[in-house]
Protein chains: 2
Amino acid sequence: MAKERTDAQRYQLSQQVGFNLRRANQRHVAIFAKHVEGLTPTQFAALARLYEFESLSQNKLGRLTAMDSATIKGVVERLRAKGLVSSRPDLNDQRLRLVELTEAGAATFERAEAQAQMARAETMEGLSAEEARLFEVLLGKLV
Amino acid sequence: MAKERTDAQRYQLSQQVGFNLRRANQRHVAIFAKHVEGLTPTQFAALARLYEFESLSQNKLGRLTAMDSATIKGVVERLRAKGLVSSRPDLNDQRLRLVELTEAGAATFERAEAQAQMARAETMEGLSAEEARLFEVLLGKLV
DNA sequence: ACGGGTTTGTTGGTATACAAGCAGATGTTG
DNA sequence: CAACATCTGCTTGTATACCAACAAACCCGT
């Protein structure tokens, strides 16, 4: 057995918000992967935004999904490789790349939405309905 | 302006727990980086565990910090490059690599602990003291 | 003692995530 | 209109994060 320090010296990592935020997120990603086949949470988020807004520039899509321009580039690229989105230059503003859902992308999102709901339920299963509602409110204030 | 779908069709990504867990974690990592210079949250977590237990095998350290063996390998490697930990083979069990804090590592952790506390405070600044306490309890039930 | 299962650490591959630096396009202001 | 600032997308580099496959070392039951 490894020796432990006394309580006075011990730092309670397991009770640190930052550590637990990271673990909660890790756990949710794992649960999401189990329920939603073929899409990561970030890819799902991108599809959700494109479903909401028919067409978005790549950077704007990134901002709406909390990804910087380097990250969203890769996500769009992988969604494109799966045939779920298309992208083309904007004729009015030549800096922009307009990204859109394909039909397959819209269908995939609609199917994934129900699965994502199940992932959410499993993520929250340790909390009562009342606690879950409260947690979501507090989490919303944090971000 | 991009066209939006009607409310009936709209998926409220911004209210999804998974999405907000990811954003909350991103935000915390950014705040942590601002307050704790030279250490990432995961590197800090590893130092915290090594401060708690004097000596740990690499894999066990990974388990205690919620990192798989591939991830913890890189973290230990970078901490070693900074001179904050040392690692050596275990003579009793030749599979193991024992990882320990160096003196510089212990000092760095003690300094970083106060800074991490400030990062925590800033992360939670949107919540009242009572809400923050409650949030931590609920988050603890989730992980 | 030995053959089978487990554990540990490593490697390679994929996917976020962000900083910094870049070039081209656009906007703004004198 | 010209100078300047801003924005967009791209690239490189670093750091998690996890999966799958692997070999060496260990453990355990027979």
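By convention in this document, chain letters (A, B, ...) are assigned in the order of the sequence lines, proteins followed by strands, and residues within each chain are numbered from 1.
- Residue whose closest nucleotide on DNA chain C sits further toward the 5' end, between B:Ala30 and A:Arg78: A:Arg78.
- Salt bridge status for A:Glu122 with A:Arg27: absent, with no side-chain N to carboxylate O gap under 4.0 Å.
- As judged by a 4.0 angstrom heavy-atom cut-off over every strand, B:Val75 is placed among residues touching the sugar-phosphate backbone only.
- Computed from coordinates, the A:Asp68 CG to D:dC10 P distance equals 13 Å when rounded to whole Å.
- In this structure, A:Phe32 atom CZ and C:dT16 atom C1' are separated by 14 Å, rounded to whole Å.
- Between the side chains of A:Arg22 and A:Asn25, not a single donor N or O lies within less than 3.5 Å of an accepting N or O.
- By the 4.0 Å N-to-carboxylate-O rule, B:Glu77 lies too far from B:Arg80 to be salt-bridged with it.
- With ring centers used as reference points, A:Phe32 lies under 6.0 Å from A:Phe44.
- Counting to the nearest Å, the P atom of D:dT8 and the CZ atom of A:Arg88 are 17 Å from each other.
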Checklist entry - For every nucleotide of nucleotides 7-13 of chain C, 5' to 3': is a protein heavy atom under 4.0 Å from its base (B), only from its sugar-phosphate (S), or from neither (-)? => result BSSBBB-

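- For the pair B:Ile72 CD1 and D:dA15 P, the interatomic distance rounds to 14 Å; values are reported in whole Å.
- Atom CD of A:Gln94 is separated from atom C1' of C:dG27 by 15 Å (rounded to the nearest Å).
- Within the 3.5 Å criterion, the main-chain N or O of A:Glu100 finds no donor-acceptor partner in the side chain of A:Ser55.
- In this structure, B:Gln43 places its CD atom 14 Å from P of D:dT14, rounding to the nearest Å.
- No donor-acceptor pair closer than 3.5 Å links the side chain of A:Thr71 to the backbone N or O of A:Met67.
- Under the 3.5 Å distance criterion, with hydrogens and angles disregarded, a donor-acceptor pair is assigned to the side chains of B:Arg49 and A:Ser14.
- One can place CG of B:Asp90 at 19 Å from P of D:dA24, the figure rounded to the nearest angstrom.
- Contact annotation for A:Arg22: backbone-only contact, meaning every heavy-atom pair under 4.0 Å involves sugar-phosphate atoms and none involves a base.
- Annotation: of the two residues near DNA chain C, A:Ala66 and A:Asn92, the 5′-most nearest-nucleotide partner is A:Ala66.
- Regarding contacts with the backbone of C:dT16, a side-chain N or O of A:Thr40 is found under 4.0 angstrom from either OP1 or OP2.
- Separating the CE atom of A:Met67 from the C1' atom of D:dG9 is a distance of 16 Å, rounded to the nearest angstrom.
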